[in-house]
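Here the structure comes first, spelled out in structure tokens, and everything after it is commentary.
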Amino acid sequence: MKYSEYSVVVIGSGAAGLYAALKTAQQIKLPEGVLLISKSSLGISNSRYAQGGIVGVVHQNPDDNIDLHIKDTLKAGAGLSNYKITEEISSASDAVINDLITNGVEFDRDENGNLTFTLEAAHSMRRILHSGGDATGKGITEGLIRAVKSNSAIHTLEKAMAVELLISSDKECKGVIIYNKQTEEHEIVYSSAVVIATGGTGQVYKYTTNPSGATGDGIALAYEAGAVIEDMEFIQFHPTALALSPDSQNRFLISEAVRGEGAKLINAKGEQFMSKYNDKLELAPRDVVTRAIFSEMAEEKSNNVYLDASLIGEEKILKRFPTITKKCMECGIDITKSPIPVAPAAHYTMGGIKAKVNGTTSIKGLYAIGEAACTELHGANRLASNSLLECVVCAYQLADYLSFTNLDTPKTIDEGIKKMIDVYSRSITGEEYDTTSLKSNLKNIMWENVGIIRTEDSLLKAQKEVEKQQKDFKRRRKCLNQREYEYRNMLTVASLIIKSALERKESRGAHCRSDYKQTNEIAKHSELSRDVQGVTIC
Ligand code: FAD
Ligand code: SIN
């Protein structure tokens, strides 16, 4: 098999991966360079589609401070956001945002050149920076791609998928096996620093705001490699995704910032309903608004409610939300005049590979950042626009950490790794699985049984069905192509979400069980690891 060696390998080209590759290459003199691999074209990711913005606790905003941001984050996190981690990430915000700007990322400014801030749910003030109005992710990723492309220490490999981590007999990560979609060959990349920045798991659900690549690959790979995985039951369902019909499954997001600027939710009768659910109305925490909409939809037996953005006023709508206006217009909805049909959709994975802010995980040589990681910043319910902040702060801290780490490429290949590689040099037999219908079945099971409201019965039903699908899919390691690998990984992460959800016998943040409505006095994280049977709540 073809092989290569790099000082650092970054898997994923969203905000976390792009910035990690850039900062590592800028900060460290790397003998073998950085390899940035992405199963998509460079930058195609959840990050690319981010709308509302990125939290910026920056000195240009005199009203804001770190304590206020920590308070809001901890409140939304429903007892599971870690104070120290939140403080670490919030304190780094100013330096990191300024570094992004230095590296060519542009944020919206007023006519005097000052940064402008928007408001989103559960923030006590305007502290969210945005770019291109409602195209923040595009602004950040395009800026970073330009910087990455102009850095000669970074090698990029697009349309290449990480499929297995190389773990030595003494449990250190020494590299990764990739499937190169362009050559249809498997290749080995050796490195003593492998960074997972592969994003979330939204695609395991029927309705999602996430693009097709969000299949939880990095989390599945890390789990198979023996890493500790944390808080997988906490899936955030965004309240307002464009719901044109029950058939539209990959749903375009209608940013929370639209509600932040004054839009109101109404039901089919045209009545505002949020006052029945929370005194913060449309700006209540995400899980609260999602359940309110879900309940209205159930009561009305409808597929959606509506978001009336016309209240914001035409001029402001066109200036602040050009992407949303355009998309809705293409679908025949003039949002300056007509309400937008919206419904909740799976949006964000709060859990993931247990990692510190500097990306270190339970496996030496394996790092995780961004949505694939769980740093305990978001707890049970992520505060809007904290995700992009976490991506860039963790990438920045990772580069700093790696600058003090021995990054020599592995000198010897042990027997354990040789055996792993052997699997990929053999050819496999059998027809390609019909992954389109298998994935669709899995997504339905997850939506119906492991969605916004869960019960023991629904979770056990899902568990049984997913186990059956796992048993029927005979390929544990080498697969035929990307579609099969993604399906295998989706099954793994679905089973992790279900296991953790079954174990958490309470309702907290985004995890809502109608059979355990109480929130326990003591908030505990859940942990899973392949080497330890079951889920530990600790
Ligand atoms: P991603 O951006 O998802 O990138 C993952 C990358 O990994 C992709 O390039 C993918 O192709 C690659 N990849 C995946 N698996 C493999 C593999 N096996 N091998 C190789 N490559 C792989 N958050 C905010 O803070 N503010 C917002 O305004 C906001 N708006 C959002 C709007 C939408 C529509 C969505 C979906 C999310 C939004 N979020 C927002 C959440 C936020 O965008 C994401 O959590 C964040 O961008 C994740 O970044 P990431 O770099 O960790 O992963
Ligand atoms: C949004 O714009 O509503 C998404 C923000 C986020 O997910 O943080």
Side-chain angles (χ1 to χ4, degrees), residues 9-20 36-55 118 120-123 128-131 134-141 144 157-165 176-179 181 195-203 208-221 236 238-242 250-260 286 289 321 323-324 345-350 352 368-373 378 382-392 394-395 482 485-486 489:
V9 179
V10 179
I11 308 166
S13 66
L18 288 166
Y19 196 47
L36 175 61
I37 73 165
S38 184
K39 70 177 179 181
S40 57
S41 302
L42 213 56
I44 297 300
S45 56
N46 279 14
S47 302
R48 168 73 177 68
Y49 297 100
Q51 294 181 356
I54 177 168
V55 161
T118 192
E120 285 181 295
H123 283 276
I128 294 145
L129 298 168
H130 42 89
S131 178
D134 56 359
T136 308
K138 184 166 180 272
I140 293 177
T141 49
L144 290 177
L157 183 57
E158 299 174 66
K159 307 216 164 75
M161 180 185 191
V163 299
E164 184 160 346
L165 297 167
V176 59
I177 303 274
I178 61 175
Y179 172 73
K181 209 170 150 189
V195 182
I196 293 188
T198 50
T201 65
Q203 280 294 326
T208 180
T209 62
N210 292 188
S212 62
T215 49
D217 298 354
I219 299 172
L221 264 53
Q236 182 165 70
H238 196 291
T240 56
L242 181 62
N250 282 355
R251 293 190 157 170
F252 178 80
L253 184 75
I254 307 296
S255 174
E256 202 157 74
V258 180
R259 276 174 285 134
R286 244 174 224 187
V289 182
F321 305 112
T323 315
I324 295 171
H347 181 64
Y348 186 82
T349 311
M350 261 85 69
I369 52 170
E371 193 170 340
H378 309 305
R382 176 175 66 92
L383 185 66
S385 292
N386 261 354
S387 171
L388 286 172
L389 177 66
E390 185 194 44
C391 285
V392 290
C394 293
Q482 181 167 327
Y485 279 120
E486 285 180 339
N489 295 337

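Throughout, residue positions are numbered sequentially from 1 according to the sequence presented. For ligands, and for the atoms within them, numbers begin at 1 and follow the listed sequence.
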Indicate whether any N or O donor in one side chain lies under 3.5 Å from an N or O acceptor in the other, for T201 and T349. yes
When you compare the side chains of S45 and K39, does any donor N or O come within less than 3.5 Å of an acceptor on the partner? no
Evaluate G52 for polar contact with ligand 2, using N/O atom pairs at a separation under 3.5 Å. yes
Flag Q51 as yes when one of its N or O atoms lies below 3.5 Å from any N or O atom of ligand 2, and as no otherwise. no
Among I178, V176, I177, side chain to side chain contact (heavy atoms under 4.5 Å, CB included) partner for V163: I177
Ligand-side contact atoms (ligand 1) for residue partner [X], heavy atom cut-off under 4.0 Å:
{"X": "S387", "answer": "23 (N), 25 (O), 41 (C), 42 (C), 44 (C), 45 (O), 46 (C)"}
{"X": "I11", "answer": "19 (N), 20 (C), 21 (N)"}
{"X": "L253", "answer": "32 (C), 34 (C)"}
{"X": "G370", "answer": "52 (O)"}
{"X": "A162", "answer": "17 (C), 18 (N), 19 (N), 20 (C)"}
{"X": "Y49", "answer": "32 (C), 33 (C), 34 (C)"}

Can you find a non-hydrogen atom of [X] under 4.0 Å from ligand 1?
{"X": "I44", "result": "yes"}
{"X": "H347", "result": "yes"}
{"X": "A214", "result": "no"}
{"X": "I54", "result": "no"}
{"X": "G200", "result": "no"}

Is there a donor-acceptor pair under 3.5 Å between the side chain of T240 and the backbone N or O of I254? yes
Is it the case that the side chain of H123 and the backbone of A384 share a donor-acceptor pair, with hydrogens and angles ignored and the cut-off at 3.5 Å? yes
Note the single closest protein heavy atom to [atom], along with its residue, its atom name and the distance in Å.
{"atom": "atom 47 (O) of ligand 1", "answer": "S47 OG, 2.7 Å"}
{"atom": "atom 5 (C) of ligand 2", "answer": "R286 NH2, 3.1 Å"}
{"atom": "atom 2 (O) of ligand 2", "answer": "S255 OG, 2.6 Å"}

Return yes or no for this condition: an N or O of L389 is under 3.5 Å from an N or O of ligand 1. no
Using a 4.0 Å cut-off to any heavy atom of [X], which atoms of ligand 2 qualify?
{"X": "E256", "answer": "1 (C), 2 (O), 3 (O)"}
{"X": "A384", "answer": "8 (O)"}
{"X": "S385", "answer": "6 (C), 8 (O)"}
{"X": "E120", "answer": "1 (C), 2 (O), 3 (O), 5 (C)"}
{"X": "H238", "answer": "1 (C), 3 (O), 4 (C)"}

Between Q236 and ligand 2, which part of the residue brings a heavy atom under 4.0 Å of the ligand: side chain, backbone, both or neither? neither
Measure L253 to ligand 2 on non-hydrogen atoms and call it side chain, backbone, both or neither using the 4.0 Å cut-off. side chain
Option with minimal heavy-atom separation from [atom], where the choices are [options]:
{"atom": "atom 15 (N) of ligand 1", "options": "I140, N386, D217", "value": "D217"}
{"atom": "atom 9 (O) of ligand 1", "options": "A346, A345, S13", "value": "S13"}
{"atom": "atom 7 (O) of ligand 2", "options": "H130, H378, R382, R259", "value": "R382"}
{"atom": "atom 44 (C) of ligand 1", "options": "E486, E371, E390", "value": "E371"}

Using the side-chain hydrogen bond (donor to acceptor under 3.5 Å, both in side chains) rule, pick out the option among H378, H347, R286 that qualifies with Q236. R286
So, do I324 and F252 sit near enough that their side-chain heavy atoms are less than 4.5 Å apart? yes
